Amino acid sequence: MRITSGEFRGTELLTPQTDQIRPTSDKARQAIFNSLLSGKHGFSLHGAAVLDGTCGTGAMGIEALSRGARFCQFVDSDQDSLALTKKNLEKIKIDKVRFNLTKSQLSSFQSELSFDLVCLDPPYGQNLLPEMVNHLLGFSGITKNTLFILEEDARTPVSIPLNIIDRRKYGATQIIYAKTPE
């Protein structure tokens with residue numbers, strides 16, 4: 001697994017030793033961020049604040065930082081995931097003011113920050129996205145301009161209180177691009 005473009009392009013990230021963490025594939029991550037940088041979704045990654053809400057290895061947030069995001073909040077309930085994310089952040093030698101790590105269930109995570117991009121990739125097939133999205137919609141820092149990128153198994157129907165603006169499939173994964181309801 002590697003960073004696909006930007007400042008840290010080509011950096012090999014550490015991967016999990018168990019099946020507990022399922023990182024987003026390089027191909028899917030590259031397609032997601034190329035789409036964002038193309039302006040297709042009316043979104044600018046340059047200077048964005050990102051929430052990697054189920055960070056796993058940290059690959060999504062690190063990719064965002066590599067491609068111009070100014071800050072990323074990494075959240076995961078699993079200590080091993082946070083330790084792996086921390087090692088990957090140390091590997092790229094990024095300034096510590098550009099990120100924060102928090103051990104928390106996303107459903108109880110609290111923040112005063114505003115987020116331009118929210119990435120959620122919880123364990124597949126457990127219908128976790130609706131609760132996570134509902135919790136985040138209660139944050140003052142989630143606005144009509146916040147873009148959500150959600151991942152789920154391609155065969156699993158997803159019902160979320162967001163306006164879906166695009167949906168893509170990469171192998172067994174579906175990627176949903178969504179915004180808050182107006």
Side-chain angles (χ1 to χ4, degrees), residues 1-37 43 45-109 111 113 115-126 128-129 132 136 147-154 156 168-177:
M1 187 171 67
R2 64 183 174 78
I3 298 302
T4 63
S5 192
E7 181 180 355
F8 309 116
R9 180 183 183 176
T11 303
E12 294 283 334
L13 296 178
L14 301 172
T15 56
Q17 300 299 314
T18 69
D19 292 340
Q20 295 285 98
I21 303 169
R22 178 199 27 78
T24 304
S25 72
D26 290 358
K27 178 182 176 180
R29 206 168 358 92
Q30 184 172 29
I32 290 165
F33 284 95
N34 285 349
S35 174
L36 293 179
L37 289 173
F43 177 81
L45 189 57
H46 183 72
V50 178
L51 171 61
D52 190 348
T54 47
C55 67
T57 64
M60 288 293 286
I62 293 170
E63 189 81 43
L65 290 166
S66 182
R67 293 187 183 224
R70 73 173 159 73
F71 178 81
C72 186
Q73 171 69 60
F74 295 92
V75 177
D76 207 294
S77 61
D78 182 69
Q79 187 59 46
D80 292 338
S81 292
L82 284 176
L84 188 55
T85 297
K86 183 177 182 193
K87 287 178 185 173
N88 281 327
L89 288 162
E90 289 168 352
K91 190 170 187 180
I92 64 170
K93 297 179 174 82
I94 191 165
D95 190 329
K96 291 180 180 177
V97 300
R98 293 188 62 198
F99 70 88
N100 189 38
L101 294 162
T102 301
K103 183 180 185 303
S104 176
Q105 292 284 340
L106 192 64
S107 59
S108 60
F109 171 70
S111 179
L113 299 175
F115 295 107
D116 304 298
L117 178 65
V118 174
C119 301
L120 300 177
D121 180 15
Y124 286 178
Q126 297 181 26
L128 298 172
L129 285 171
M132 291 177 170
L136 292 174
L147 180 66
F148 285 77
I149 297 176
L150 313 172
E151 294 183 48
E152 180 58 89
D153 181 271
T156 303
R168 302 284 174 182
K169 289 188 180 179
Y170 301 96
T173 299
Q174 66 176 309
I175 306 294
I176 299 166
Y177 299 82

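Not measured: the values here are computed from a predicted model.
Across all their heavy atoms, A49 and R70 have their closest contact at CB-NH2, 3.7 Å. Taking every heavy atom of both residues into account, C72 and D52 meet most closely at SG-CB, 3.9 Å. Nearest heavy-atom pair across C119 and V50 is SG-CG1, 4.4 Å. G58 and F74 get closest at one heavy-atom pair: O-CE2, 3.6 Å. For the residue pair A69 and R98, the shortest heavy atom distance occurs at O-NH2, 2.6 Å.
To the nearest 0.5 Å, the span separating CG on L120 from CG on L51 amounts to 6.5 Å. Annotation: the span from Q30 atom CD to R9 atom CZ amounts to 8.0 Å, rounded to 0.5 Å. Once rounded to the nearest 0.5 Å, the distance linking CD of Q105 with CG of D78 reads 10.0 Å. Rounding to the nearest 0.5 Å places CG of L147 at 10.0 Å from CG of L45. Going from atom CG of L13 over to atom CD1 of I62 covers 5.0 Å, rounded to the nearest 0.5 Å. How far CD1 of I175 is from OG of S35: 10.5 Å, rounded to the nearest 0.5 Å.
At distances below 3.5 Å, not a single donor-acceptor pair connects side-chain atoms of T102 with backbone N or O atoms of V75. Of the possible polar contacts, none joining the K169 side chain to the Q174 backbone as a donor-acceptor pair under 3.5 Å is found. Between the side chain of D76 and the backbone N or O of L82 there is no donor-acceptor pair closer than 3.5 Å.
Within the structure, the side chain to side chain donor-acceptor pair (under 3.5 Å) test picks out no pair touching residues 87-97 (sequence neighbours left out). Within the structure, every pair that satisfies the salt bridge (Lys or Arg N to Asp or Glu O under 4.0 Å) test and touches residues 54-63, not counting sequence neighbours, is listed here: R29-E63, E63-R67.
Between F115 and L136 there is no side-chain heavy-atom pair separated by less than 4.5 Å. A 4.5 Å side-chain heavy-atom check between L14 and T57 finds every atom pair outside the cut-off. For the pair F43 and D116, the minimum side-chain heavy-atom distance is below 4.5 Å. Contact annotation: the side chain of L106 never approaches that of L128 to less than 4.5 Å [non-hydrogen atoms, C-beta and beyond]. Looking only at side-chain heavy atoms (C-beta outward), T85 and F99 stay at 4.5 Å or farther from each other.
Among residues two or more places apart in sequence or in another chain, the side chain to side chain donor-acceptor pair (under 3.5 Å) test is passed with R168 by D166. Residues passing the side chain to side chain contact (heavy atoms under 4.5 Å, CB included) test with T156, sequence neighbours excluded: E152, D153. Residues forming a side chain to side chain donor-acceptor pair (under 3.5 Å) with T11 (at least two apart in sequence, or on another chain): none. Under the rule for a side chain to side chain contact (heavy atoms under 4.5 Å, CB included), the partners of F71 that lie at least two apart in sequence or sit in another chain are Q73, N100, L113.
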Requested in this report: Would you sort out whether S66 and F33 count as a side-chain contact (heavy atoms from CB on, under 4.5 Å), showing the intermediate values?
Outcome: CA-CA 10 Å; S66 182; F33 284 95; over 6 Å; no

Requested in this report: Report the C-alpha distance between L150 and M132 in whole Å, list the side-chain angles of each, state the deciding distance to 0.1 Å, and finish with yes or no for side-chain contact (heavy atoms from CB on, under 4.5 Å).
Outcome: CA-CA 10 Å; L150 313 172; M132 291 177 170; over 6 Å; no

**Report entry** Worked verdict on I149 versus Y177 for side-chain contact (heavy atoms from CB on, under 4.5 Å)
**Finding:** CA-CA 5 Å; I149 297 176; Y177 299 82; 4.2 Å; yes

